[in-house]
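Down below is the structure, laid out as structure tokens.
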Amino acid sequence: MNSNLELSAPPEEDSAAKPVAADEQAATETPTIQTAPASVPAPEPASPPARADAEDEDDEEEDDDEADPAEAGLDEAVLGAEAALAAAEAEDAAEARGEEVEEVPTILEPEPEPTPDERALHAPHVRPTGEPAEIDPDELDPDALKVVLRLHQHGHQAYMVGGCVRDLLLGRKPKDFDIATSATPNEVRGIFRNCRLIGRRFRLAHVYFKGGKIIEVSTFRANPTELEAAANGGEDDGEGEDLLITHDNVFGTAQQDARRRDFTINGLFYDVAEGRVIDYVRGRRDLDERFIRTIGDPEVRMREDPVRILRAVRFAAKLELDIESRTYAAMEGAVEDLPRCAPARLLEETFRLIRGGVSAPALKLLDALDALKILLPPVNAYLKQHGKEGEKTFYAFAEALDRRVSAGEPLDDAILLAMLLIPISRSTGPEESQDGGRPSVSQVVEDLLADFVQSARLPRRIAERCRMLLLAQRTLTGERRRRSAAFKRHPLFSEALTVFEMTVEATGENREQLEAWKAGEVPQPRAAASADGDASDAGGQRKRRRRRRRRRPSSSGGSGEDAGSGPDAGDA
């Protein structure tokens, strides 16, 4: 379901360095919740300046369409949306600042020049046995290599770990390189001047390089469940016990660090000095057999952290691997424990599925596991209600999104979320604004966004942008007729058009309208009768609506009253 919405939380990561992603992300986007249950909060948009000449306009206005209360907020947002979104973003950042990340100067000191001894450090292409290194050093990130070698120079063990090793062995380019070491966080900070510590649940070191690049360094840690079992002096099968991990701030050895990870394919270490892969958990075998398998008893591992269900789904979809049968059975049994996890972690892992360009296969697998009812209830209800046809429609949208993401197009998290919610919004229809308030998308979507903000720490700006993108789709299709100049000035017009383009790709509908918008033109509105009988005439021209006259005082006192009480007053 980290901007990019960088929502994160402490899921176990591809490497040793991801257990507190939520802590890190919260420092930039975690809001304090103050939302009404049925709508996503947003600062009031600035009202457009009053126009004296408009008040005195007489019978009709050729360039004005009929007033539409359900979309009045969209027009007003043309002038106020930028300020409103900026205010929401500033509020998100202000409320999240300062707890999880150690205070450091805004501008970090430059790294010193390497010493002669350090300059001589390198990763060999040939192992001591005379065989070539198992991973070509030229494929390793040079900054990550620098961190590992400097830790070696100071007498610490240090390995590249997790996802980067897995991806390189699969012939893929890693997204990032993480490092695990025997050095404590404070020792790492003492070695690197451009370093700060983050995290509440488990301290991590971030080493900074040019261009804002970060190499994450974690200290070897142990699985607290195993340590507690050892302390009790016997084996424990975990039956009848609450195995959910709520703390894991326990340092350990390299082997313990490998064993406490979730899946065997993520438990591989790479020793750059020796040019060899260290495999304590038989992860190489599972990579060769293309299996996802938990380290240890799958029932216990899934009960320790049910978020591993989502991680297994993501790896299966992203790497095109199969989930080993016992692991899959344990995932099915642990779905009921998902609500016990922090909502922010669940939302972040859901977003990671979407950001990875594998939302269609991942969501199909989550649906098979019956996990969508917890992660995305409106999507689950839509699929159940509309059957095979609903599935076909929904996954057509997901596949259109995946193609864009896989092509490398940068998409904001609001766009990603909007694409998954459009089928639901289209099927339920819009809801008119109440009591003169802002326009609303379908109530189930409003409720979902409000819940994400309240319980899952979805930044307000993303929820509000998603709402506005969904509202704009009806204008782009011609279902609502708005002033074209105002609509095209809307700060989210470009993103709304991107969503519309993917919608056209998914459904094959409204291609003419899309081409017109892309060419800078305004497509003709759909010729359809409105609820009060207003329809397009035979020539395709829209019938002009009379603008309601402003009531003006008169000497007789009668004409002003009649102007506001006639049978057409409510049609203005």
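Fair warning: this is a prediction, and the values are worked out from it, not measured in the lab.
- A donor-acceptor pair is defined here as one N or O able to donate and one able to accept, closer than 3.5 Å; such a pair exists between the side chain of Ser455 and the backbone of Asp451.
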- Query: Does the pair Leu363 and Phe394 meet the rule for a side chain to side chain contact (heavy atoms under 4.5 Å, CB included), with working shown?
  - Reply: CA-CA 10 Å; Leu363 291 172; Phe394 177 80; 3.9 Å; yes
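- Under 3.5 Å, the side chains of Asn266 and Arg166 contain a donor-acceptor pair of N or O atoms.
- With sequence neighbours left out, the salt bridge (Lys or Arg N to Asp or Glu O under 4.0 Å) criterion links Asp271 to no other residue.
- To the nearest 0.5 Å, atoms CZ (Arg282) and CD (Glu289) are separated by 8.0 Å.
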- Verdict with supporting geometry, Leu140 and Met160, side chain to side chain contact (heavy atoms under 4.5 Å, CB included): CA-CA 9 Å; Leu140 304 177; Met160 293 185 182; 3.8 Å; yes
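- When the salt bridge (Lys or Arg N to Asp or Glu O under 4.0 Å) test is applied to Glu134, the partners found at least two apart in sequence or on another chain are Arg127, Arg284.
- A donor-acceptor contact shorter than 3.5 Å is absent between the side chain of Arg189 and the backbone of Val207.
- Tyr382 and Gly390 get closest at one heavy-atom pair: CE2-O, 3.4 Å.
- Here CG of Leu470 is found 8.0 Å from CG of Leu417. Values are rounded to the nearest 0.5 Å.
- For the atom pair CZ of Arg403 and CG of Leu401, the computed distance is 9.5 Å after rounding to the nearest 0.5 Å.
- The backbone N or O of Leu353 lies less than 3.5 Å from no partner atom in the side chain of Ser359, so there is not a single donor-acceptor pair.
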Distance-only donor-acceptor hits, side chain of residues 321-333, under 3.5 Å, sequence neighbours excluded:
from: Glu324; atom 1: OE1; to: Thr327; atom 2: N; distance (Å): 3.0
from: Glu324; atom 1: OE1; to: Thr327; atom 2: OG1; distance (Å): 2.7
from: Glu324; atom 1: OE2; to: Arg326; atom 2: N; distance (Å): 3.1
from: Thr327; atom 1: OG1; to: Thr294; atom 2: N; distance (Å): 3.4

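- Side-chain contact check for Cys195 versus Val188: some heavy-atom pair is nearer than 4.5 Å.
- Using a 4.5 Å cut-off on side-chain heavy atoms (C-beta onward), Leu383 and Val379 make contact.
- The closest side-chain heavy-atom distance from Leu310 to Leu338 is below 4.5 Å.
- Ile309 and Val335 make their closest contact through CD1-N, 3.7 Å (heavy atoms, listed as atom of the first residue, atom of the second, distance).
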- CA sep, side-chain torsions, deciding dist, call: Glu131, Thr129, side-chain hydrogen bond (donor to acceptor under 3.5 Å, both in side chains): CA-CA 6 Å; Glu131 300 173 311; Thr129 59; 3.2 Å; yes
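- For the pair Lys146 and Ile215, the minimum side-chain heavy-atom distance is 4.5 Å or more.
- Of all heavy-atom pairs spanning Ala414 and Ile462, the tightest one is CB-O, 3.8 Å.
- His206 and Tyr208 have perpendicular rings, their planes meeting at more than 60° on a 0 to 90° scale where under 30° would count as parallel.
- The nearest pair of heavy atoms linking Arg311 to Asp262 is NE-OD2, 2.6 Å.
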- Show your working on salt bridge (Lys or Arg N to Asp or Glu O under 4.0 Å) between Arg261 and Asp257 and close with a plain yes or no. CA-CA 7 Å; Arg261 294 171 182 272; Asp257 190 78; 2.8 Å; yes
- Check the pair Arg150 / Phe192 against side chain to side chain contact (heavy atoms under 4.5 Å, CB included), numbers first and verdict last. CA-CA 9 Å; Arg150 190 184 291 188; Phe192 297 95; 3.6 Å; yes
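- Here the options are Asn380, Leu376, Leu375, the test is side-chain contact (heavy atoms from CB on, under 4.5 Å), and the partner is Leu366; only Leu375 passes.
- Residues Leu420 and Leu416 fail the side-chain proximity criterion, which asks for heavy atoms closer than 4.5 Å.
- Asp279 is linked by a salt bridge (Lys or Arg N to Asp or Glu O under 4.0 Å) to nothing, counting only residues two or more places apart in sequence or in another chain.
- Look at Glu304 and Arg301 and you find a salt bridge, because one of the NZ, NE, NH1 or NH2 atoms lies within 4.0 Å of a carboxylate O, short of that distance.
- Note that CZ of Arg259 and OG1 of Thr253 are 10.5 Å apart. Values are rounded to the nearest 0.5 Å.
- More than 12 heavy-atom neighbours from other residues, nucleotides or ligands sit within 6.0 angstrom of CD on Glu409.
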- I would like to know whether Ile191 and Leu151 meet side chain to side chain contact (heavy atoms under 4.5 Å, CB included); could you show each step before the answer? CA-CA 8 Å; Ile191 295 171; Leu151 287 168; 3.8 Å; yes
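- Within the 3.5 Å criterion, the main-chain N or O of Leu469 finds a donor-acceptor partner in the side chain of Gln473.
- For Lys213, the salt bridge (Lys or Arg N to Asp or Glu O under 4.0 Å) partners two or more places apart in sequence, or in a different chain, are Asp141, Asp143.
- Checked against the 6.0 Å centroid criterion, the rings of Phe251 and Phe202 qualify as a close aromatic pair.
- Within the 4.5 Å cutoff, side-chain heavy atoms of Tyr395 are placed close to those of Lys364.
- Taken from CD1 in Ile295 to CZ in Arg260, the straight-line distance is 9.0 Å, to the nearest 0.5 Å.
- Put simply, the side chain of Glu187 gets close to the backbone of Thr184: a donor and an acceptor are under 3.5 Å apart.
- By the 4.5 Å heavy-atom criterion applied to side chains, Pro343 and Arg457 are not counted as neighbours.
- If you take CG on Asp413 and CZ on Phe351, they are separated by 4.5 Å, rounding to the nearest 0.5 Å.
- Between Glu495 and Arg465 there is a salt bridge, since at least one side-chain N of the basic residue sits less than 4.0 Å from a carboxylate O of the acidic one.
- Identified under the salt bridge (charged side-chain N to carboxylate O under 4.0 Å, His left out) test for residues 382-396, with sequence neighbours left out: Asp367-Lys384.
- Shortest non-hydrogen contact noted between Val358 and Asp402 is N-OD1, 3.5 Å.
- Under the 3.5 Å distance criterion, the side-chain polar atoms of Thr181 are left unmatched by any main-chain donor or acceptor of Thr219.
- A 4.5 Å side-chain heavy-atom check between Ile278 and Tyr159 finds at least one atom pair inside the cut-off.
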- Can you check salt bridge (Lys or Arg N to Asp or Glu O under 4.0 Å) on Lys373 and Glu336, steps first, answer last? CA-CA 10 Å; Lys373 64 183 179 183; Glu336 62 186 18; over 6 Å; no
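- Heavy-atom minimum distance, Cys164 versus Asp176: CB-O, 3.4 Å.
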